[in-house]
Novice: 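One structure is given below, represented as structure tokens, and several questions about it will come after.
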Amino acid sequence: MELELRHLKTVRAIADAGSLTRAATALGLAQPALSAQLKRIERALGGELFERGRHGVRATALGELVLERTRIVLPAVTELQREAARFARSPRASACLRLGGTHGPLLGALVDRLADAVPDARVTTCASWSERQLADQLAEGRLDFALAGTCGSAAPPGAEGLVWREIAVDPVFVMLPEDHARAAAPEVALAELAGEEWACVPGDGCFGDCFTAACARAGFTPHRMYETDTSSLVHLVQVGRAIGLCRATFPAALGIVTRPLSGTPLAWRHLLGWHAGTQDADTAATVLAQARVAHAGVAARSDSYTAWLAAHRVP
């Protein structure tokens, strides 16, 4: 016999009543039936739960252990039932939007937009540096939508049934310490940074190869590339250890400036992905629209990106 919730309730009732007779009355059972049920429970648990005496029953050591667990399990199940009933009755009950995203400010901006656009939805987030991992989570049904990206016109992460839509295309900027010789320039030629060391956040696309190719076209080979998390990337730039590569929407940070590269040798395409078989068209359209508005808001908060957009007459 497998132990069930009703068995724990029976044990609790016997302990509270102090005797099988009173417990049987409270449970609406005949005493022989309750005694037989208790024996089956004791066999399932491997020992006696109560000592029977003239004046009633008293829990054994095993019985005390089981009773201690019932004090946790039974209230938890009761609260679960109440919460589920409240949720089912609530007219505001709505979908859960599980969002994934790579590093950068766009994920947070999208969460903020969705809080206003679909206030009844419960939004959760998951961050990863790997676009392929996000695609796998979409395919496996562990995410509803994912913010990913590709270098230039490269194909998005592939998995059967996935849909990818473009949010925006950003130029790749460089992060310089504010006292760098080129920090005041409106744009920086990649060749002017030939003697520098570099840092970026890792990814599993072709960005590293595209950067190396852009450097080759500019006439040099990069000395070193540090792949690290965003906080460490900012630190390396602040202390003058490396030049950072970042998306144009990267937010301002103390001690650094972001500047566009002359001729825009590198670009980053922001994408929103979902599984066609599990997302309805209206929800996908809403999230995509809000992602595009979120990107525009993030871009507007970057002075260097705003200046670049104005110089290139991009609306």
Side-chain angles (χ1 to χ4, degrees), residues 1-101 107-108 111-112 114-128 133-134 136-146 274-275 277-280 283:
M1 183 189 79
E2 291 188 0
L3 194 66
E4 300 176 12
L5 192 63
R6 61 188 178 91
H7 298 142
L8 297 181
K9 292 180 178 179
T10 297
V11 174
R12 183 77 261 168
I14 294 171
D16 290 343
S19 78
L20 289 176
T21 301
R22 290 192 290 271
T25 300
L27 294 171
L29 299 173
Q31 182 175 331
L34 179 59
S35 296
Q37 186 180 99
L38 176 59
K39 289 179 180 177
R40 290 194 296 272
I41 295 171
E42 289 176 327
R43 283 197 297 271
L45 291 172
E48 291 189 350
L49 301 179
F50 298 98
E51 295 176 354
R52 286 77 161 172
R54 176 185 295 180
H55 302 293
V57 297
R58 185 174 65 180
T60 63
L62 176 59
E64 290 289 355
L65 173 65
V66 173
L67 289 168
E68 184 63 30
R69 297 297 187 271
T70 66
R71 294 185 185 99
I72 299 172
V73 173
L74 294 179
V77 172
T78 299
E79 180 57 30
L80 172 61
Q81 292 172 325
R82 290 173 181 167
E83 185 176 346
R86 287 194 299 268
F87 186 87
R89 291 194 302 268
S90 172
R92 293 170 59 87
S94 185
C96 173
L97 296 177
R98 299 166 298 170
L99 306 181
L107 179 58
V111 171
D112 181 48
L114 291 174
D116 292 330
V118 282
D120 297 340
R122 186 166 64 90
V123 179
T124 62
T125 58
C126 171
S128 172
Q133 183 181 66
L134 293 173
D136 289 343
Q137 289 177 315
L138 285 176
E140 294 164 5
R142 291 185 286 152
L143 287 177
D144 297 309
F145 295 93
W274 64 89
H275 196 287
T278 58
Q279 292 303 323
D280 66 84
T283 301

Novice: What heavy-atom pair brings His275 and Ala139 nearest, and what distance separates the two atoms?
Specialist: CD2-CA, 4.0 Å

Novice: Please report the closest heavy-atom contact between Ala30 and Ala24, naming both atoms and the distance.
Specialist: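 Scanning both residues completely, I find the closest heavy atoms to be C-CB, 4.1 Å.
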
Novice: Does Ile14 reach the side chain of Leu49, with side-chain heavy atoms less than 4.5 Å apart?
Specialist: no

Novice: The test is side chain to side chain contact (heavy atoms under 4.5 Å, CB included); show your working for Lys9 and Val77 and say whether it passes.
Specialist: CA-CA 11 Å; Lys9 292 180 178 179; Val77 172; over 6 Å; no

Novice: Starting at CG of Leu34, measure out to OG1 of Thr10 and round the result to the nearest 0.5 Å.
Specialist: 6.5 Å

Novice: Taking all non-hydrogen atoms of both residues, which atom of Ala146 and which atom of Leu134 are closest, and how far apart?
Specialist: CB-CB, 4.1 Å

Novice: How close do Ala23 and Ala17 get, heavy atom to heavy atom, and via which atoms?
Specialist: N-CB, 3.5 Å

Novice: I need the Leu97 CG to Thr124 OG1 distance, nearest 0.5 Å.
Specialist: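 If I round to the nearest 0.5 Å, the distance is 8.0 Å.
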
Novice: What is the distance from atom CZ of Arg52 to atom OG of Ser19, rounded to the nearest 0.5 Å?
Specialist: 12.0 Å

Novice: Side-chain contact, heavy-atom cut-off 4.5 Å: Thr60 with Leu65?
Specialist: no

Novice: Could you tell me the separation between the CZ atom of Arg22 and the CG atom of Asp16, rounded to the nearest 0.5 Å?
Specialist: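 So the CZ of Arg22 and the CG of Asp16 are separated by 11.5 Å.
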
Novice: To the nearest 0.5 Å, tell me how far Arg142 CZ sits from Cys126 SG.
Specialist: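 Result: 8.0 Å between the selected atoms.
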
Novice: Apply the test salt bridge (charged side-chain N to carboxylate O under 4.0 Å, His left out) to residues Arg71 and Glu68: give CA-CA distance (whole Å), side-chain angles for both, the deciding distance (0.1 Å), then the verdict.
Specialist: CA-CA 5 Å; Arg71 294 185 185 99; Glu68 184 63 30; 3.0 Å; yes

Novice: Should Leu27 and Gln37 count as side-chain neighbours, where that means a heavy-atom distance under 4.5 Å?
Specialist: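 A side-chain contact is absent here, since even the closest heavy-atom pair is not under 4.5 Å.
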
Novice: Grab the two heavy atoms, one from Glu42 and one from Phe50, that are nearest each other, plus how far apart they are.
Specialist: OE2-N, 3.6 Å

Novice: For the side chain to side chain contact (heavy atoms under 4.5 Å, CB included) test, which of Arg69, Glu79, Arg12 pairs with Leu74?
Specialist: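 The side chain to side chain contact (heavy atoms under 4.5 Å, CB included) with Leu74 is passed solely by Arg12 among Arg69, Glu79, Arg12.
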
Novice: With side chains defined as the heavy atoms from C-beta onward, is the minimum distance between Glu48 and Leu62 less than 4.5 Å?
Specialist: no

Novice: Between Val11 and Leu67, is there a side-chain heavy-atom distance shorter than 4.5 Å?
Specialist: yes

Novice: Does Asp144 reach the side chain of Thr278, with side-chain heavy atoms less than 4.5 Å apart?
Specialist: no

Novice: Is Glu4 close to His7 at the side-chain level, that is, under 4.5 Å between some pair of heavy atoms?
Specialist: yes

Novice: Is it true that atom CZ of Arg58 has more than 12 heavy atoms of other residues, nucleotides or ligands lying nearer than 6.0 Å?
Specialist: no

Novice: Test Leu114 against every option in Asp112, Asp116, Val118 by the side chain to side chain contact (heavy atoms under 4.5 Å, CB included) rule and name the one that passes.
Specialist: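 Only one of Asp112, Asp116, Val118 forms a side chain to side chain contact (heavy atoms under 4.5 Å, CB included) with Leu114, namely Val118.
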
